[in-house]
Amino acid sequence: MHHHALYRSMLRIRRIEEALADRYAEQEMRCPMHLCIGQEAIAVGVCAALSASDVMFSNHRAHGHYLAKGGSLNAMVAELYGRSTGCCGGRGGSMHLIDLDVGFMGATPIVAGTVPLAVGAAWAASLKKEKRVSVIFLGDGCFEEGVVHESMNFAALHKLPIVFVCENNEFSVYTHLSERQAKRPIYRIAEAHGLMTQVGNGNDVDEVLTLAKTAVQNAKHGKGPQFMEFSTYRWREHCGPDFDDHLGYRTTQEIEIGLKDCPIAKYEQRLKQSNSLSQADIDKYEVEIREEVIKSFEFALSSPKPTAMDAMERVYA
Amino acid sequence: MHHHALYRSMLRIRRIEEALADRYAEQEMRCPMHLCIGQEAIAVGVCAALSASDVMFSNHRAHGHYLAKGGSLNAMVAELYGRSTGCCGGRGGSMHLIDLDVGFMGATPIVAGTVPLAVGAAWAASLKKEKRVSVIFLGDGCFEEGVVHESMNFAALHKLPIVFVCENNEFSVYTHLSERQAKRPIYRIAEAHGLMTQVGNGNDVDEVLTLAKTAVQNAKHGKGPQFMEFSTYRWREHCGPDFDDHLGYRTTQEIEIGLKDCPIAKYEQRLKQSNSLSQADIDKYEVEIREEVIKSFEFALSSPKPTAMDAMERVYA
Amino acid sequence: MHNAGSRDITFAEAVREGLDNAMERDSRVILIGEGVPDPKAIFNTTAGLRNKYGAQRVFDMPLAENGLTGVCIGAALSGMRPVMVHQRIDFALLAIDQLINNAAKWHYMFDGKASVPLVVRVIVGRGWGQGPQHSQSLQAMFSLVPGLKVVMPTTAYDAKGMLLSAIEDDNPVMFIEHRWLHQIKDNVPEESYRVPLDKAKILHEGNKVTVAAFSYMAVESLIAAKGLMAAMGIAVDVLDMRSVSQLDVASVIDSVRKTGRLIVADTAFRTGSIAGELIAKVVEQAMDLLTTKPVRVASPDHPTPTSHFMAEHYYPTPQTIADAVLDMLGADKNSDAYRKLCELLQRDGPHDTPNRSFKGPF
Amino acid sequence: MHNAGSRDITFAEAVREGLDNAMERDSRVILIGEGVPDPKAIFNTTAGLRNKYGAQRVFDMPLAENGLTGVCIGAALSGMRPVMVHQRIDFALLAIDQLINNAAKWHYMFDGKASVPLVVRVIVGRGWGQGPQHSQSLQAMFSLVPGLKVVMPTTAYDAKGMLLSAIEDDNPVMFIEHRWLHQIKDNVPEESYRVPLDKAKILHEGNKVTVAAFSYMAVESLIAAKGLMAAMGIAVDVLDMRSVSQLDVASVIDSVRKTGRLIVADTAFRTGSIAGELIAKVVEQAMDLLTTKPVRVASPDHPTPTSHFMAEHYYPTPQTIADAVLDMLGADKNSDAYRKLCELLQRDGPHDTPNRSFKGPF
Ligand SMILES: Cc1ncc(C[n+]2csc(CCOP(=O)(O)OP(=O)(O)O)c2C)c(N)n1
Ligand SMILES: Cc1ncc(C[n+]2csc(CCOP(=O)(O)OP(=O)(O)O)c2C)c(N)n1
Ligand SMILES: [Mg+2]
Ligand SMILES: [Mg+2]
């Protein structure tokens with residue numbers, strides 16, 4: 001059942017994002033959108049290690065994190081459609097997601113902008129002696145921002161209950177790691193800052209979950225900040241609904257290997273081989289998800305449209 | 001002779017700063033001033049490994065770096081007195097030193113502000129295929145600024161000829177390292193960034209020079225950025241001419257140990273023991289330096305005073 | 001000004017051509033930015049330059065805006081002339097320490113012994129739900145500290161000419177491009193030429209009202225001016241301010257001497273905008289020339305919402321500007337002429353894209 | 001307003017007392033900054049607080065202004081009410097990304113679902129050769145983006161009352177202290193009280209000219225006003241603006257209605273200063289009330305030089321302000337009364353220290 005939950009959660013994120021991609025061309029979701037298709041295992045594996053009271057911050061590529069943590073699908077889709085029922089009432093769009101009910105504290109698109117915020121949440125938990133961890137997702141590109149290092153140092157100094165999850169898909173937009181970083185492992189820098197570190201295959205949800213459980217336990221038991229680096233692969237274009245392989249910034253082999261390493265297909269195969277998952281289960285999930293997705297679009301499209309008057313509200317608390 | 005040069009250079013910096021401290025109370029040097037008394041060996045040892053064409057950037061505590069690199073004493077003292085003949089024509093004061101003739105590119109007081117600049121100078125040298133290294137001095141506190149990590153990454157990425165010299169005196173103002181950084185060595189983070197690193201006793205000028213020679217050679221021979229961490233001790237108050245031990249932020253034992261570890265006294269003893277330095281040599285140096293110092297103050301005090309009209313010039317090149 | 005070897009090209013092409021010219025003429029010019037050599041080439045403004053000038057002069061960079069700005073300053077102090085690019089001006093906020101504390105002051109602090117010939121290209125985002133963190137128009141923030149030059153060219157002609165001037169200038173220059181200008185065409189000579197960094201330009205002449213406008217608002221103001229002329233026979237002066245940090249107040253006052261009325265149109269939040277500074281400078285020097293209160297046309301004082309429903313009235317339009325003119329003149333809006341004007345100014349296509357062909361996202 | 005349990009204490013002591021009050025009343029209030037618990041205690045504004053509230057509420061911090069601002073925002077989103085301190089506003093430039101992109105917008109971006117009750121205390125340096133990077137007065141830079149509240153209290157009374165209001169406010173507040181105010185005494189009640197964050201205060205009454213002043217310039221303006229009254233019988237209104245981001249334009253206009261004349265005095269560079277914004281807002285709303293051009297009194301548009309010889313005329317003085325008033329009134333300066341005024345306004349002690357007892361460095 002646990003395996004089923006992991007599988008279903010990945011499949012659900014995939015199908016939701018595919019639906020978003022399909023319908024993006026209708027020009028009614030009028031905001032930048034960064035899909036995590038291909039990277040679902042990290043979000044799902046990490047979130048499966050968390051409790052409802054644990055909190056999370058994310059970045060521009062937030063759908064998977066938000067959904068895996070339990071964020072409301074309706075509120076997310078409505079947000080992409082710019083409706084009043086969106087999780088930001090339309091103010092944010094795809095790059096700004098929030099669902100405080102499930103501890104999803106916020107995602108924003110300034111790269112690394114939320115990293116210290118997550119450390120601050122961990123600090124607050126520690127000061128208030130609340131047994132919760134704070135999780136931050138960051139990309140390989142994000143790791144280059146100085147504020148990430150400042151954040152790691154502060155977290156290590158105060159032994160804060162925070163888990164840094166680095167999703168290394170080797171690209172920042174169309175720029176490969178090798179044009180941005182010296183040849184050395186990312187996680188080793190975190191280690192040198194005094195964080196406990198783990199490295200894993202981000203396209204293997206079991207592995208992600210195993211490492212994440214260790215990290216969360218360590219963080220909760222006063223062992224200080226944790227850093228996990230996961231390799232993964234972004235299937236679609238950096239921003240937008242399409243594939244962009246025609247641009248030629250990744251070789252055909254690389255793309256082939258990347259697409260073959262599908263976290264969902266691999267997991268499906270593994271579960272089928274061990275007879276833990278049947279085609280009937282899958283079919284059922286597909287149907288359930290399809291219905292949920294359709295409903296979420298209906299919800300969004302039938303939701304009220306905010307106005308310019310609404311836009312003037314809530315500048316100050 | 002080489003030993004003599006090292007000894008004399010340290011002694012000179014010490015006597016100059018003591019003279020500044022003595023005369024500061026006259027209220028004619030009207031600017032913040034950070035003395036490096038006790039830390040002279042690092043500036044002197046590093047600069048002894050450099051050629052005239054190598055360039056250097058520094059920070060708020062720059063006197064030693066500037067003088068060891070060959071910066072004009074007259075121009076420095078006049079700068080502290082706010083005179084037109086100062087190296088910044090009075091615009092800068094103690095925290096802004098420059099002497100382009102000897103490759104001293106500039107010191108400024110925003111912590112870490114010059115670190116990326118030094119990397120930029122190394123980048124320019126590399127692009128122009130000029131065989132010079134760029135040196136940056138940074139404190140233990142400075143290392144906490146994110147921009148230092150951004151700078152190290154870029155230097156490592158492009159294998160730039162830069163030498164980072166970290167002067168670890170364990171304090172930022174009155175705050176000990178342990179309130180600012182997790183318990184782990186600074187140099188290990190540089191190492192993880194892909195830099196070649198060395199650690200040494202910053203109060204031993206021979207050791208500093210030996211390590212610096214290696215670093216400079218490595219940098220000049222395409223081995224990429226170098227990082228040296230030197231332990232040392234700041235004798236006087238963070239900013240200003242006095243001692244501040246009455247404030248109680250350092251224990252009496254700590255201070256005793258610190259003052260005993262005088263780079264100049266230790267070196268004097270060593271050279272005397274090996275008969276490489278006589279008391280007559282020392283006396284001669286003291287006299288020479290005293291005269292030079294007196295003249296520099298005379299120069300400053302007899303130099304023209306800039307006016308408010310001067311202050312309006314040179315906003316734009 | 002338009003030469004034989006000129007043709008209509010877009011603002012983005014003009015920027016690319018300016019960079020190409022500068023790099024060809026001066027081997028010290030280097031180009032760096034997140035995505036500069038990538039296939040999208042910063043909205044095609046850097047296309048082909050890596051091929052032409054090689055990986056030793058055209059660079060991508062780590063996501064480290066403050067550090068890399070410092071690196072570029074250091075390179076500029078060491079004889080290079082770097083051009084740096086940020087895809088959004090919002091990202092330049094990460095680098096403001098280096099820009100304000102170092103670049104702006106280095107020449108001054110060090111008594112003119114060194115200077116920082118650095119150009120930082122930044123793009124102001126707008127539309128397609130780019131939202132609160134990707135559509136700020138922060139020119140005023142960079143203009144309130146002496147030592148930085150800040151310009152906002154509007155036409156393709158000026159984009160090329162001012163970029164060349166900026167690159168040849170020995171001071172740090174923030175070169176601010178509004179994203180909605182990138183696709184607009186203008187007649188641009190093939191050879192290189194210079195446009196000054198501190199002079200406004202008259203886009204439209206008239207004697208009723210002075211409209212001083214910045215960047216994309218100059219485009220909108222020109223549309224308004226043409227509409228006012230065509231539909232109502234009302235002639236206004238439109239000044240494209242072009243320079244932000246060195247406001248060409250004299251040109252505005254010259255125009256006000258004729259019109260007695262001033263409207264300033266800006267792409268920014270109203271409060272603290274450079275439009276406010278321009279109004280202040282005009283009244284400090286020449287309030288007596290004004291026959292009526294000056295008016296500022298700008299965006300409201302709240303962040304840009306993402307939802308296109310909410311953002312619909314966020315940006316001033318030609319209609320906003322024309323209405324400001326008419327209100328200032330006390331003109332009758334209950335007229336056929338006015339209705340014709342409104343028709344003329346009606347925008348073709350959705351409000352949140354620069355043109356009909358745009359299919360999002362940026 | 002002055003209560004029984006009040007005494008004369010300095011601005012710095014009032015800040016300390018405000019912090020103490022706030023921490024006593026609300027355990028969510030925490031205090032962090034470089035040097036906060038050190039022996040110098042941020043010019044004594046945080047003295048004793050670590051002893052009283054413990055190392056779990058009073059923190060030193062790494063030199064990492066942007067990161068730690070983000071950490072404080074995160075803590076604020078998680079139920080704490082952090083007060084952060086930077087010894088110079090120049091250092092806050094390193095944190096402007098977090099302040100502008102996150103703190104200012106979080107409440108808005110997320111539809112009011114969360115807010116950032118964060119106070120950032122920053123100090124404007126002046127004098128004793130602090131030079132180009134340690135004496136900027138950047139209030140305008142933080143005021144041009146909606147969502148941040150920016151205040152500059154002038155008196156010790158307001159320092160305490162506005163700090164308490166700021167800490168209790170659910171929005172991020174930049175609390176800007178001018179270093180030369182720290183030693184000035186005022187009558188301050190012992191108990192806690194609030195002063196609003198968006199209202200100007202009348203410091204001196206008169207009907208000839210309105211002088212609207214910010215921070216230390218309010219002190220200088222008051223000296224000028226008293227001198228003008230005593231020596232020449234000229235009565236001016238002096239308004240201490242107190243709020244920077246939410247300018248109390250109504251109060252200024254009320255005064256201008258009486259005087260017809262406006263001078264705005266600011267601690268900043270002239271161009272792009274909040275003084276310019278105030279002038280713009282007044283003329284946009286009420287130019288007709290002005291009988292003469294408004295005048296801005298501010299520092300010149302170049303960095304602050306370190307040399308005290310060069311800096312001698314950098315800052316406006318009471319004499320500068322008084323002269324602006326007299327020039328505006330077309331008063332005769334070739335008079336005994338004027339010479340008496342100049343005598344009265346003569347400053348006691350060197351121009352680059354806040355008072356005679358100061359022996360440098362800051
Ligand atoms: C400070 C800043 N710089 C640049 C950008 C533009 N940008 C948005 S996403 C992105 C790539 C980030 O790469 P990475 O962190 O690896 O995340 P990924 O997109 O691969 O998930 C960039 C450069 C930004 N939003 N913020
Ligand atoms: C960005 C910034 N933050 C804070 C300061 C204030 N400050 C000046 S020197 C200093 C201490 C720096 O410590 P370290 O780098 O160890 O150098 P040291 O003084 O020990 O030589 C601080 C905090 C500053 N000048 N700039
Ligand atoms: Mg990536
Ligand atoms: Mg130190």
Side-chain angles (χ1 to χ4, degrees), chain B residues 55 57 79 84 86-93 95-101 105-110 112-130 132 134 136 145-155 157-158 160 162 306 310-311 313-317, chain C residues 27-28 30 32 54-57 59-82 84 94-95 97-98 100-118 145-149 169-173 197-198 245-246:
Chain B
V55 297
F57 286 83
E79 186 58 34
S84 299
C87 59
C88 303
R91 284 172 156 74
M95 307 194 295
H96 299 80
L97 299 179
I98 188 168
D99 192 338
L100 295 178
D101 291 342
M105 300 285 285
T108 59
I110 295 289
T114 52
V115 174
L117 273 59
V119 173
W123 190 37
S126 152
L127 294 174
K128 296 196 272 179
K129 306 210 188 321
E130 292 171 349
R132 63 173 92 228
S134 172
I136 177 69
E145 294 284 1
V147 75
V148 173
H149 298 269
E150 298 178 354
S151 300
M152 290 191 290
N153 178 48
F154 188 76
L157 173 65
H158 290 284
L160 299 181
I162 177 156
D310 296 316
E313 305 289 318
R314 304 192 178 156
V315 182
Y316 295 95
Chain C
S27 66
R28 298 170 303 172
I30 54 178
I32 184 166
Q56 285 289 303
R57 292 183 63 196
F59 300 86
D60 214 305
M61 69 174 227
L63 308 195
E65 289 80 4
N66 200 33
L68 269 287
T69 302
V71 166
C72 286
I73 295 170
L77 291 172
S78 309
M80 310 305 293
R81 301 185 84 86
M84 189 174 199
L94 281 79
D97 160 45
Q98 284 294 335
I100 301 295
N101 283 328
N102 280 343
K105 305 194 201 322
W106 202 272
H107 182 74
Y108 186 87
M109 293 192 289
F110 291 111
D111 203 23
K113 294 207 164 97
S115 60
V116 181
L118 165 68
V145 160
L148 267 187
K149 294 187 177 179
D169 197 291
D170 281 334
N171 299 285
V173 181
L197 301 178
D198 57 356
S245 59
Q246 298 170 292

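Per chain, numbering begins at 1; letters A, B, ... match sequence-line order.
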Heavy-atom cut-off 4.5 Å, strictly under: side chain, backbone, both or neither for Pro146(C) against chain B? both
Among the listed options Asp169(C), Leu148(C), Leu94(C), the residue most often paired with chain B at heavy-atom distances under 4.5 Å: Leu148(C)
Give me the atom names and distance for the closest heavy-atom approach of Ser115(C) to Ala317(B). CB-CB, 3.8 Å
Got His107(C) and Tyr316(B) here, is their nearest side-chain heavy-atom distance under 4.5 Å? no
Could you look at Met80(C) and say if it's the side chain, the backbone, both or neither that has a heavy atom under 4.5 Å from chain B? side chain
Arg91(B) vs Lys105(C) side-chain heavy atoms within contact, under 4.5 Å: no
Under 4.5 Å heavy-atom distance to chain C, tell me which part of Leu127(B) shows up: side chain, backbone, both or neither. both
Looking at Ala125(B) and Arg132(B), what are the two nearest heavy atoms and their distance? CB-CG, 3.6 Å
Which region of Glu79(B), side chain (C-beta onward) or backbone (N, CA, C, O), has a non-hydrogen atom less than 4.5 Å from a non-hydrogen atom of chain C, or is it both or neither? neither
Using a cut-off of under 4.5 Å on heavy-atom pairs, state which of Asp170(C), Ile73(C), Asn171(C) scores highest against chain B. Asn171(C)
With sequence neighbours excluded, what pairs up with Gln98(C) under the side chain to side chain donor-acceptor pair (under 3.5 Å) test? Asn102(C)
Taking side chain as everything from C-beta outward and backbone as N, CA, C, O, which of these in Ile30(C) sits under 4.5 Å from a heavy atom of chain B? Side chain, backbone, both or neither. side chain
Among the listed options Ala311(B), Gly146(B), Gly92(B), Ala112(B), the residue most often paired with chain C at heavy-atom distances under 4.5 Å: Ala311(B)
Can you tell me which portion of Ala122(B) sits under 4.5 Å from chain C's heavy atoms? Options are side chain, backbone, both or neither. neither
Using side-chain heavy atoms (C-beta onward) and a distance below 4.5 Å, is Asp99(B) in contact with Cys87(B)? no
May I ask you to name which of Ala124(B), Gly86(B), Gly90(B) has the most heavy-atom pairs under 4.5 Å with chain C? Ala124(B)
Side chains of Leu68(C) and Met84(C): does their closest heavy-atom pair fall under 4.5 Å? yes
Between Ala121(B) and chain C, with a heavy-atom cut-off of 4.5 Å, which part of the residue counts as in contact: side chain, backbone, both or neither? both
Restricting to ring-ring contact (aromatic ring centres under 6.0 Å, His included), what partner residues turn up for Phe154(B), sequence neighbours left out? Trp123(B), His158(B)
For chain C, the option from Val119(B), Asn153(B), Thr108(B) that forms the most heavy-atom pairs under 4.5 Å: Thr108(B)
